[in-house]
Amino acid sequence: MRLRCAVLDDFQDAALRSADWTPVKDRVEVVVLREHIVDEDELAARLADFDIVVTLRERVRFPASLLDRLPRLKLLVASGMRNSVIDFAAAQRCGVTVCGTASSSTPPVELTWALLLGLARSLVTENNTLREGGPWQSTVGADLHGRRLGLLGLGKVGGRVAQVGLAFGMQVAAWSQNLTRERADEVGVELAASKEELLGSSDFVSVHLALSDRTRGLLGARELALLKPTAYLVNTSRAAIVDQDALLAALREGRIAGAGVDVFDTEPLPAGHPMRTAPRLLATPHLGYVSQANYATYYGHAVQDIQAFLEGEPVRRLG
């Protein structure tokens, strides 16, 4: 009897096209669920008949209350090797093996620069105006060369964003609570004296921190008030690092030039959410990790994890 595998949140119907599932097709029936299921009762009902679940990043929460209602579930595969929404203790108690996949930092680096450049040169505005037959040239772009790029976080992603900024001829500085001068020197950027100094002196600020108790709400109304009225803020990390109400207020009141955001407090973003209509905002639907190469890794490794699990071999365990 074949096992059943549910692939969650495959919005683009890309999971089966991104990897070769033939190694497990004789033993596993793969069912793709394209729509996002928010309600836990509905999710429990939809997953009740599945032995394996493949979940995308941290899109779907797996608390104990859900895992307890999935007695058939034996394997949970989450893309990436970090996940804060799975109750690992409950999974172990329920006999569920949790494993992950590799993930590339390249796509979020590239999207960060897509947002930053789009903001600086008003690409969406100019494109829409051109298509609608509006005035020829309606904005004056912000320069990058010689301007200050402030990075909150200088890890794997932040370090690569810094290198691109240096290639553009920007003055790049960074700050985080654990950032050392040795790391800043290694990347070739300035170590900011403080978070406040970084925010107040930068023309572009980009967030590259992991979400934790220390970083949640790191940029609130007080911090956003330090930004120049000509400054731009980009967040491709986690929405909760930036106070969403404070950011909306700053955009509506024109206290910053604009923001580029790829992450939100609720995802997918509800139809009536104020972020959909906020002025001075360039927003994308959490595309930071969404690329052909990354999907090939996610789903290719998911197949490998499933195959290894079926054959009793080691898997990429999470938790």
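Start at 1 with the first residue, then count along the sequence.
- Taking the side chain as every heavy atom from C-beta outward, Arg72 and Leu47 never approach each other to under 4.5 Å.
- Of the possible donor and acceptor atoms, one in the side chain of Thr101 sits under 3.5 Å from a partner among the backbone N and O of Gly80.
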Counting only pairs under 3.5 Å, give me each side-chain donor-acceptor contact of residues 166-176, with atom names and distances, residues two or more places apart or in other chains.
from: Gln171; atom 1: NE2; to: Gly146; atom 2: O; distance (Å): 3.3
from: Ser176; atom 1: OG; to: Leu179; atom 2: N; distance (Å): 3.2

List the steps and the verdict of side-chain contact (heavy atoms from CB on, under 4.5 Å) for Arg160 and Glu110. CA-CA 9 Å; Arg160 296 182 69 177; Glu110 294 174 352; over 6 Å; no
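- A salt bridge is absent between Asp51 and Arg4: the closest approach of a Lys/Arg side-chain nitrogen to an acidic carboxylate oxygen does not fall below 4.0 angstrom.
- Linking ILVMFWY side-chain heavy atoms closer than 4.5 Å, directly or via other members, places Leu227 and Leu152 in a single hydrophobic cluster.
- Around atom CZ of Arg316, more than 12 heavy atoms belonging to other residues, nucleotides or ligands sit under 6.0 Å away.
- One finds the CG atom of Asn127 at 9.0 Å from the CD atom of Glu132 (value rounded to the nearest 0.5 Å).
- Looking only at atom types and distance, the side chain of Asn294 has no donor-acceptor partner in the side chain of Ser104 under 3.5 Å away.
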Under the side-chain contact (heavy atoms from CB on, under 4.5 Å) criterion, do Leu219 and Leu233 qualify, and how do the steps go? CA-CA 11 Å; Leu219 297 186; Leu233 174 69; 4.1 Å; yes
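- Relative ring orientation between Tyr289 and His286 is described as perpendicular, the plane-to-plane angle rising above 60° on a 0-90° scale split at 30° and 60°.
- Taking every heavy atom of both residues into account, Ile86 and Ala78 meet most closely at CD1-CB, 4.1 Å.
- Side-chain contact between Phe88 and Leu318 is present, with at least one heavy-atom pair separated by less than 4.5 Å.
- Arg17 and Gln12 are not linked by any side-chain donor-acceptor pair at a separation below 3.5 angstrom, with hydrogens and angles left out of the test.
- Between Phe50 and Val7 there is no side-chain heavy-atom pair separated by less than 4.5 Å.
- Note that CG of Leu154 is 8.5 Å distant from CD of Glu186, once rounded to the nearest 0.5 Å.
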Please determine whether side-chain contact (heavy atoms from CB on, under 4.5 Å) holds for the pair Tyr298 and Val77, giving the CA-CA distance in whole Å, both sets of side-chain angles, and the decisive distance to 0.1 Å. CA-CA 10 Å; Tyr298 287 168; Val77 183; over 6 Å; no
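- Side-chain contact annotation: Ser201 with Glu197, donor-acceptor N/O pair under 3.5 Å present.
- For Glu253 and Arg280, the salt-bridge test fails: no basic side-chain N is under 4.0 Å from an acidic carboxylate O.
- Scanning both residues, Ala239 and Val263, for their nearest heavy atoms gives N-CG2, 3.4 Å.
- Thr297 places no side-chain N or O within 3.5 Å of a backbone atom of Ser103 that could act as its donor or acceptor partner.
- The closest side-chain heavy-atom distance from His301 to Met81 is not below 4.5 Å.
- Not a single donor-acceptor pair under 3.5 Å links the side chain of Asp305 to the backbone N or O of Val315.
- Put simply, NZ on Lys156 and OG1 on Thr106 are 9.5 Å apart, with the number rounded to the nearest 0.5 Å.
- Across all their heavy atoms, Leu191 and Ala184 have their closest contact at CB-CB, 4.0 Å.
- Inter-residue side-chain proximity for Leu115 and Thr284 is flagged as met; some heavy-atom pair is nearer than 4.5 Å.
- In terms of modelled atom types and a separation under 3.5 Å, the side chain of His208 and the main chain of Val157 share no donor-acceptor contact.
- Remark: Arg276 CZ is packed, more than 12 non-hydrogen atoms of other residues, nucleotides or ligands lying under 6.0 Å away.
- Asp20 places a side-chain N or O within donor-acceptor distance of the main-chain N or O of Thr22, the cut-off being under 3.5 Å.
- Not a single donor-acceptor pair under 3.5 Å links the side chain of Asp243 to the backbone N or O of Ala221.
- Nearest heavy-atom pair, Leu247 versus Met275, reported as atom, atom and distance to 0.1 Å: CD2-CE, 3.9 Å.
- Under the 3.5 Å distance criterion, the side-chain polar atoms of Arg2 are left unmatched by any main-chain donor or acceptor of Arg27.
- Residues Tyr295 and Val290 meet the side-chain proximity criterion, which asks for heavy atoms closer than 4.5 Å.
- Side-chain atoms of Glu126 do not come within 3.5 Å of backbone N or O of Arg121 as any donor-acceptor pair.
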Derivation of the salt bridge (charged side-chain N to carboxylate O under 4.0 Å, His left out) call for Arg46 and Glu35: CA-CA 12 Å; Arg46 293 290 296 275; Glu35 73 281 8; 2.9 Å; yes
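- Val53 and Phe11 fall into different hydrophobic clusters, where Ile, Leu, Val, Met, Phe, Trp and Tyr side chains are chained together by heavy-atom contacts under 4.5 Å.
- In this structure, the side chains of Val54 and Cys5 come closer than 4.5 Å at one or more pairs of heavy atoms.
- Of all non-hydrogen atoms in Arg238 and Asn235, the two that sit nearest each other are O-ND2, 3.1 Å.
- Of the inter-residue distances, the one linking Cys94 atom SG with Leu70 atom CG reads 8.5 Å to the nearest 0.5 angstrom.
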Taking it one step at a time, do Lys74 and Leu3 satisfy side-chain contact (heavy atoms from CB on, under 4.5 Å)? CA-CA 10 Å; Lys74 297 303 177 187; Leu3 301 180; over 6 Å; no
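- Hydrophobic clustering (side-chain heavy atoms under 4.5 Å, transitive across Ile, Leu, Val, Met, Phe, Trp, Tyr) groups Phe264 together with Leu211.
- Hydrophobic clustering (ILVMFWY, side-chain heavy atoms < 4.5 Å, transitive): Leu66 and Leu33 are in one cluster.
- Side-chain heavy atoms closer than 4.5 Å link hydrophobic residues (I, L, V, M, F, W, Y) into clusters, and following such links, possibly through other members, connects Val234 to Leu151.
- Here the OG atom belonging to Ser65 is positioned 9.0 Å from the CG atom belonging to Asp41, to the nearest 0.5 angstrom.
- Remark: side-chain polar atoms of Arg183 are paired, donor with acceptor, to backbone N or O of Gly155 under 3.5 angstrom.
- Between Ala90 and Leu67 the shortest heavy-atom distance is CB-CD1, 4.0 Å.
- The backbone N or O of Val28 sits nowhere less than 3.5 Å from a side-chain atom of Trp21 that would complete a donor-acceptor pair.
- Salt bridge Glu267/Arg57: absent, no basic N to carboxylate O contact under 4.0 Å.
- Residues Gln304 and Glu313 fail the side-chain proximity criterion, which asks for heavy atoms closer than 4.5 Å.
- Atom-to-atom distance recorded for Leu117:CG and Phe204:CZ is 8.5 Å, nearest 0.5 angstrom.
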